There are 2 protein chains.
Amino acid sequence: MNSPDDLHQRPIVSVDLAIFALAPDGLEVLLAQRGAEPFAGSWALPGGWIHVDEDRDLEAAAQRVLRDKTGVAAPYFEQVGVFGDAARDPRGWSLSVTYMALIAKEAVTLMHGGNATGAAWHPIGSDTATIPLAFDHAAILKAAVTRLRNKVEYTTLPVHLLPEAFTLSELQAVYERLLGRLLDKSAFRKRIAEVDFIEPIAGEMRRASNRPAQLYRLKQARSTVFFDRTI
Amino acid sequence: MNSPDDLHQRPIVSVDLAIFALAPDGLEVLLAQRGAEPFAGSWALPGGWIHVDEDRDLEAAAQRVLRDKTGVAAPYFEQVGVFGDAARDPRGWSLSVTYMALIAKEAVTLMHGGNATGAAWHPIGSDTATIPLAFDHAAILKAAVTRLRNKVEYTTLPVHLLPEAFTLSELQAVYERLLGRLLDKSAFRKRIAEVDFIEPIAGEMRRASNRPAQLYRLKQARSTVFFDRTI
DNA sequence: ATACTTAGTGTAAAGTTTCAACTAACTTAG
DNA sequence: CTAAGTTAGTTGAAACTTTACACTAAGTAT
């Protein structure tokens with residue numbers, strides 16, 4: 001037991017992604033249709049193997065998978081966890097290292113190739129995808145959705161589902177759609193102001209047939225900020 | 001890239017544990033002294049390989065490692081994350097799946113054997129251990145400590161550092177030591193009462209040379225509970 | 001010019017937190 | 001037997017926050 005030199009003792013390791021975006025009807029996840037066994041034809045979280053001689057670390061492997069599927073380079077990115085047991089993959093004891101990414105849907109161009117015959121956006125129900133998924137991906141996706149929904153309550157994370165420039169009303173609408181309840185406008189703006197993570201873009205306004213709204217952008221070098229209280 | 005059938009493409013996977021307990025002087029972590037290369041003689045987080053034909057899943061592997069080191073069976077248990085890159089282990093591209101466990105120090109009997117020549121409790125400084133650790137274990141431990149300290153603010157997690165029966169004053173003292181600040185007694189008791197996760201043990205009191213205090217225990221089937229507001 | 005719409009601010013009432021003092025129940029010293 | 005000491009557990013007034021809602025602002029459309 002000094003070292004796992006018997007390679008058959010090593011589990012199989014994949015890196016899988018729950019890539020979320022917001023559509024008019026609610027949260028969606030990017031799924032890939034599997035081209036090969038096992039689960040050929042089924043929908044699954046996009047993923048891949050670690051390329052031992054190409055990937056510097058786990059996050060680099062996940063970024064590579066993301067780039068290959070979406071053409072997107074650097075969105076919000078967070079490790080959800082590892083899921084591993086003897087039964088989840090018929091090929092043997094396996095691990096899935098799962099990351100979630102948040103992106104603005106407009107920023108994505110769907111890619112094809114690899115194991116997958118196609119990739120498409122699918123709605124999230126109350127919990128997980130509305131269609132059956134390969135492996136234990138339904139449970140994994142559920143964990144990612146739960147993590148995302150929890151973090152909406154006390155972090156600035158939802159801002160990553162918007163494009164670079166956005167108004168405060170748009171940001172509030174994102175929180176409201178993810179939380180499934182309406183928020184008070186003045187309380188919302190107070191919270192956002194307190195944590196100081198966005199800044200007005202001087203002179204830029206969103207125009208419509210009503211009072212124009214100030215556009216904001218993320219402050220540079222600000223990762224996700226936690227509220228003192230819930231939103 | 002259909003399957004990692006070239007076994008050399010598979011990373012090495014270990015399961016490592018940050019086992020925390022509370023000593024009079026503050027938080028401590030259980031470390032094992034390595035008996036074999038690499039890092040022979042250095043202190044490290046206790047860990048082991050996944051036993052593909054023995055462990056049902058990742059958590060079972062982690063529980064096995066815990067049992068082998070401490071003789072403790074079922075304390076609080078939570079996955080911290082996976083840490084993986086090409087350089088952390090000289091034997092090759094490797095992953096550490098890390099769990100943290102919280103236990104009452106009295107419940108533990110230290111075990112010996114395996115890779116490790118000994119196991120001992122070590123104090124946690126502001127961040128991580130006060131001595132250098134093998135591999136990237138200092139960074140991993142830091143992540144676990146940060147996670148624990150954050151959760152103290154808004155969960156009932158610290159209760160797992162106490163023995164089965166405890167008084168409210170003892171519970172408050174645990175929070176205070178982990179947070180590094182004093183809490184108001186009435187506010188603390190209000191929070192604890194709100195989330196309803198402990199119950200008085202009928203007729204059992206902690207006696208000293210002053211007013212006796214009611215003893216409490218965790219309510220059955222209650223995992224970690226989140227406060228509505230911070231503690 | 002007036003109506004309509006959404007942006008952004010202000011405020012009174014309700015609710016929470018904080019701080020500190022108070023009462024309660026025991027042991028120990030005299 | 002009583003008084004002092006100690007920690008358990010409760011109470012309440014003042015300070016602060018949140019909530020609900022109304023108000024003002026700035027544009028377009030008619």
Side-chain angles (χ1 to χ4, degrees), chain A residues 24 152-156 158-159 162-177 179-217 225-231, chain B residues 24 152-156 158-159 162-177 179-217 225-231:
Chain A
V152 172
E153 284 282 357
Y154 57 90
T155 73
T156 60
V159 76
L162 285 171
E164 255 188 71
F166 52 86
T167 69
L168 290 179
S169 297
E170 288 163 0
L171 183 58
Q172 182 174 344
V174 172
Y175 274 88
E176 289 175 339
R177 268 192 290 164
L179 291 169
R181 63 186 154 90
L182 296 177
L183 299 175
D184 180 76
K185 186 162 49 161
S186 66
F188 179 79
R189 282 164 188 242
K190 189 166 166 251
R191 280 275 185 282
I192 297 296
E194 272 166 14
V195 296
D196 182 41
F197 76 115
I198 58 176
E199 59 191 0
I201 310 175
E204 298 243 350
M205 307 296 267
R206 172 90 73 231
R207 321 199 127 265
S209 70
N210 51 33
R211 176 169 174 176
Q214 179 65 55
L215 284 168
Y216 288 81
R217 68 160 89 89
V225 180
F226 290 70
F227 299 123
D228 266 18
R229 303 276 190 248
T230 54
I231 192 79
Chain B
V152 172
E153 284 282 357
Y154 57 89
T155 73
T156 60
V159 77
L162 286 171
E164 254 188 71
F166 53 87
T167 68
L168 290 180
S169 298
E170 288 163 358
L171 183 58
Q172 183 174 343
V174 173
Y175 274 88
E176 289 175 341
R177 266 192 292 164
L179 292 169
R181 63 186 155 89
L182 297 176
L183 299 175
D184 179 76
K185 186 162 51 161
S186 66
F188 179 80
R189 283 163 188 243
K190 188 165 168 253
R191 280 276 186 282
I192 297 297
E194 273 166 12
V195 296
D196 182 42
F197 76 115
I198 58 176
E199 59 190 1
I201 310 174
E204 298 244 350
M205 309 297 265
R206 171 91 72 232
R207 322 198 126 267
S209 70
N210 50 33
R211 178 171 173 173
Q214 179 65 54
L215 284 169
Y216 289 81
R217 69 160 88 88
V225 180
F226 290 70
F227 300 124
D228 265 19
R229 303 273 191 250
T230 54
I231 193 81

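Keep in mind the model is a prediction, meaning the values are calculated, not measured. In what follows, chains are A, B, ... by sequence order, proteins preceding strands, each numbered from 1. Because only heavy atoms are used, hydrogens play no part in the values below, and waters and symmetry mates are left out as well, while side chains stay in.
- In this structure, A:Met205 places its CE atom 12 Å from P of D:dT28, rounding to the nearest Å.
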Please step through side-chain contact (heavy atoms from CB on, under 4.5 Å) for the pair B:Ile192 and B:Phe227, ending with a clear verdict.
CA-CA 8 Å; B:Ile192 297 297; B:Phe227 300 124; 4.2 Å; yes
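- Using a 4.5 Å heavy-atom threshold, the side chains of B:Val159 and B:Phe197 count as touching.
- A straight line from NZ of A:Lys190 to C1' of C:dT9 spans 14 Å, rounded to a whole angstrom.
- Regarding contacts with the backbone of D:dT17, every side-chain N or O of A:Arg229 stays at 4.0 angstrom or more from both OP1 and OP2.
- C:dT6 atom C1' lies 12 Å from atom CD of A:Gln172, rounded to whole Å.
- Distance from the side chain of A:Lys185 is smallest to C:dA7 among D:dG9, C:dC19, C:dA7.
- Within the 4.0 Å cut-off from OP1 or OP2 of C:dA7, not a single side-chain nitrogen or oxygen of A:Arg189 is found.
- When the C1' atom of D:dT7 is taken as reference, atom CD of B:Glu170 falls 12 Å away, rounded to whole Å.
- The backbone N or O of A:Arg191 lies less than 3.5 Å from no partner atom in the side chain of A:Arg229, so there is not a single donor-acceptor pair.
- Across all their heavy atoms, A:Ala165 and A:Ile201 have their closest contact at CB-CD1, 3.7 Å.
- Overall bending of the helix from C:dA1-D:dT30 to C:dG30-D:dC1, expressed as the angle between end axes built from five pairs apiece, is 10° (10° steps).
- Rounded to a whole Å, the CG atom of B:Leu215 is 12 Å from the C1' atom of D:dA8.
- At a threshold of 4.0 Å, the pair B:Arg181-B:Glu153 counts as salt-bridged, since one of the basic side-chain nitrogens sits closer than that to a carboxylate oxygen.
- Taking only distance into account, the side chain of B:Ser169 never meets the base of D:dG9 through a donor-acceptor pair shorter than 3.5 Å.
- If you measure from atom CG of B:Asp228 to atom P of C:dT16, you get 10 Å, rounded to the nearest angstrom.
- Not one N or O on the side chain of A:Glu199 forms a donor-acceptor pair closer than 3.5 Å with the backbone of A:Tyr216.
- Here the P atom of nucleotide D:dG12 and the CG atom of B:Asp184 are 16 Å apart, to the nearest Å.
- Residue B:Arg206 is classed as having no contact, given no heavy-atom separation below 4.0 Å to the nucleic acid.
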Assign a letter to each nucleotide of nucleotides 25-30 of chain C from its 5' end: B, base within under 4.0 Å of a protein heavy atom; S, sugar-phosphate only; -, no contact.
BBS---
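- In terms of position on DNA chain D, the residue among A:Ser186 and B:Tyr216 whose nearest nucleotide sits closer to the 5' end is B:Tyr216.
- Between B:Leu182 atom CG and C:dT17 atom C1' the separation is 17 Å, expressed in whole Å.
- Residues A:Asp184 and A:Ser186 share a closest heavy-atom pair of OD2-OG, 2.9 Å.
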Output, in order, the C-alpha distance, side-chain angles, deciding distance and verdict of side-chain contact (heavy atoms from CB on, under 4.5 Å) for A:Phe166 and A:Ile198.
CA-CA 10 Å; A:Phe166 52 86; A:Ile198 58 176; 3.8 Å; yes
Donor-acceptor contacts under 3.5 Å from residues 168-175 of chain B side chains, at least two apart:
residue: B:Glu170; atom: OE1; partner: B:Thr167; partner atom: N; Å: 3.0
residue: B:Glu170; atom: OE1; partner: B:Arg206; partner atom: NH2; Å: 3.0
residue: B:Glu170; atom: OE2; partner: B:Arg206; partner atom: NE; Å: 2.8
residue: B:Glu170; atom: OE2; partner: B:Arg206; partner atom: NH2; Å: 3.0
residue: B:Gln172; atom: NE2; partner: B:Glu176; partner atom: OE2; Å: 3.1
residue: B:Gln172; atom: NE2; partner: B:Leu183; partner atom: O; Å: 2.9
residue: B:Tyr175; atom: OH; partner: B:Thr155; partner atom: O; Å: 2.7

